[in-house]
Amino acid sequence: MLAYPQIDPVALAIGPLKIHWYGLMYLIGIGGAWWLASRRLNAFDATWTKEKLSDLVFWVALGVIAGGRLGYVLFYDLSAYIANPLLIFEVWKGGMSFHGGLIGVMLATLWFGKRNNKSFFQLMDFIAPLVPIGLGAGRIGNFINAELWGKATDLPWAMIFPTDPAQLPRHPSQLYQFALEGVALFAILWFYSRKPRPTMAVSGMFALFYGIFRFTVEFVRVPDAQLGYLAFGWLTMGQILCLPMIIGGIFLIVWAHRRQSAQGVA
């Protein structure tokens, strides 16, 4: 068994002001995405300035934060937030939904694309390879917060989390998700998108592999206590939300290549 590293969730405290690692992880994710996007900006659109890229990153980041928080409220714990609406603003305690954030990003991208003469999927294909940076950073934030841990196990890398009332050795599922959703997904999308691909294909690859990775880790992750298992005694909310992503990802990839073939024949 590995010892859980005791990391104070508060990175810096100046009087009453507290800066949490969880919030810093979002800044790292957004900053890393902006830096990587700037490296590919000319290949995407040589006429775009870095100011326009900064505008895109701003609106996408807003979509991530607003959508992620509202998604968690709606998908995972609506009754608690109805009882105490002020809890919505306590984002430093965690409680962000990837799927809600994805919806927020899609809405922000749709709005930004209409204002800048870019189609929805042109922008989504550009954004998709950047997203795993934020996903990986967010999972490290979950690990530091000692939240979203996995099921009990006797594997040699199990950990006892200080927030676990039972104090059982558990899967460090946050690190599994960091490795899959952060590192592996980034590698797949970054190298796949280095060559020209038909529009929608990169977005499809993102949806497909994120859905597969998240669906898989959910088998060893403890479901949210207020929800538990929702179907068949093993299906979680995360898995239910990932199923449309997997199906949609396959559809986008097939459709993108068929459309390219049809255009080539024409």
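We count residues from 1, following the sequence as given.
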In one Ile/Leu/Val/Met/Phe/Trp/Tyr side-chain cluster, 4.5 Å: [X], [Y]:
X    : Y    : answer
I240 : I247 : no
I82  : V73  : yes
M106 : I246 : yes

*asked:* I'd like to check the ring-ring contact (aromatic ring centres under 6.0 Å, His included) partners of W190; sequence neighbours left out, ordered by chain and number.
replied: F186
What distance do [X] atom [atom1] and [Y] atom [atom2] have between them, rounded to the nearest 0.5 Å?
X    : Y    : atom1 : atom2 : value
I188 : M205 : CD1   : CE    : 6.5 Å
L74  : R69  : CG    : CZ    : 11.5 Å
L175 : F178 : CG    : CZ    : 8.0 Å
S119 : M124 : OG    : CE    : 11.0 Å
D55  : N116 : CG    : CG    : 8.0 Å
S97  : L102 : OG    : CG    : 9.0 Å

*Check the pair L130, V60 against side-chain contact (heavy atoms from CB on, under 4.5 Å), reporting the backbone distance first and the verdict last.*
CA-CA 11 Å; L130 315 174; V60 168; over 6 Å; no
Could you check whether any side-chain heavy atom of [X] comes within less than 4.5 Å of a side-chain heavy atom of [Y], counting everything from C-beta outward?
X    : Y    : result
Q174 : F161 : yes
M200 : F120 : no
I127 : L56  : yes
P9   : Y22  : no
S38  : K50  : yes
P162 : Q6   : yes

What's the shortest heavy-atom distance between [X] and [Y], and which atoms?
X    : Y    : value
A61  : I30  : CB-CD1, 3.6 Å
C242 : R214 : SG-CG, 3.3 Å
G249 : A207 : CA-CB, 3.9 Å
L208 : I250 : CD1-CG1, 3.7 Å
F112 : W59  : CD1-CD1, 3.9 Å
P132 : E181 : CB-O, 3.5 Å

Any donor-acceptor pair under 3.5 Å linking the side chain of [X] with the backbone of [Y]?
X    : Y    : result
D8   : V10  : yes
K151 : F219 : yes
Q239 : F215 : yes
E218 : T236 : no
N142 : A146 : no
Y229 : M237 : no

*Apply side-chain contact (heavy atoms from CB on, under 4.5 Å) to L148 and R139, showing your working.*
CA-CA 9 Å; L148 306 183; R139 294 311 178 190; 3.8 Å; yes
*Give the C-alpha distance, both sets of side-chain angles, the deciding distance and a yes or no for salt bridge (charged side-chain N to carboxylate O under 4.0 Å, His left out) between K118 and D45.*
CA-CA 10 Å; K118 292 290 183 184; D45 190 332; 2.8 Å; yes
*Do the side-chain N and O atoms of Q177 and R221 include a donor-acceptor pair separated by under 3.5 angstrom?*
yes
*asked:* Looking only at the side chains, is there a donor atom on one of W149 and T163 sitting less than 3.5 Å from an acceptor on the other?
replied: yes
*asked:* Over 60° means perpendicular and under 30° means parallel, so tell me whether W48 and F126 are parallel, tilted or perpendicular.
replied: perpendicular
*Just say parallel, tilted or perpendicular for the rings of F206 and Y210, cut-offs at 30° and 60°.*
parallel
*Under the salt bridge (charged side-chain N to carboxylate O under 4.0 Å, His left out) criterion, do R197 and D125 qualify, and how do the steps go?*
CA-CA 9 Å; R197 304 292 180 180; D125 285 353; over 6 Å; no
_Show, in sequence, the C-alpha distance, side-chain angles and deciding distance for F44 and L53, and conclude whether the side-chain contact (heavy atoms from CB on, under 4.5 Å) test is met._
CA-CA 11 Å; F44 173 65; L53 174 62; over 6 Å; no
*Can you check whether Y176 and F213 have ring centres sitting under 6.0 Å from each other?*
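They do not qualify: ring centres at least 6.0 Å apart.
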*Step by step, work out the side-chain contact (heavy atoms from CB on, under 4.5 Å) result for L180 and L185.*
CA-CA 6 Å; L180 291 174; L185 187 59; over 6 Å; no
*For K18, look at atom NZ and say whether over 12 heavy atoms of other residues, nucleotides or ligands are found less than 6.0 Å away.*
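Counting neighbours around NZ of K18, 12 or fewer heavy atoms of other residues, nucleotides or ligands fall under 6.0 Å, so no.
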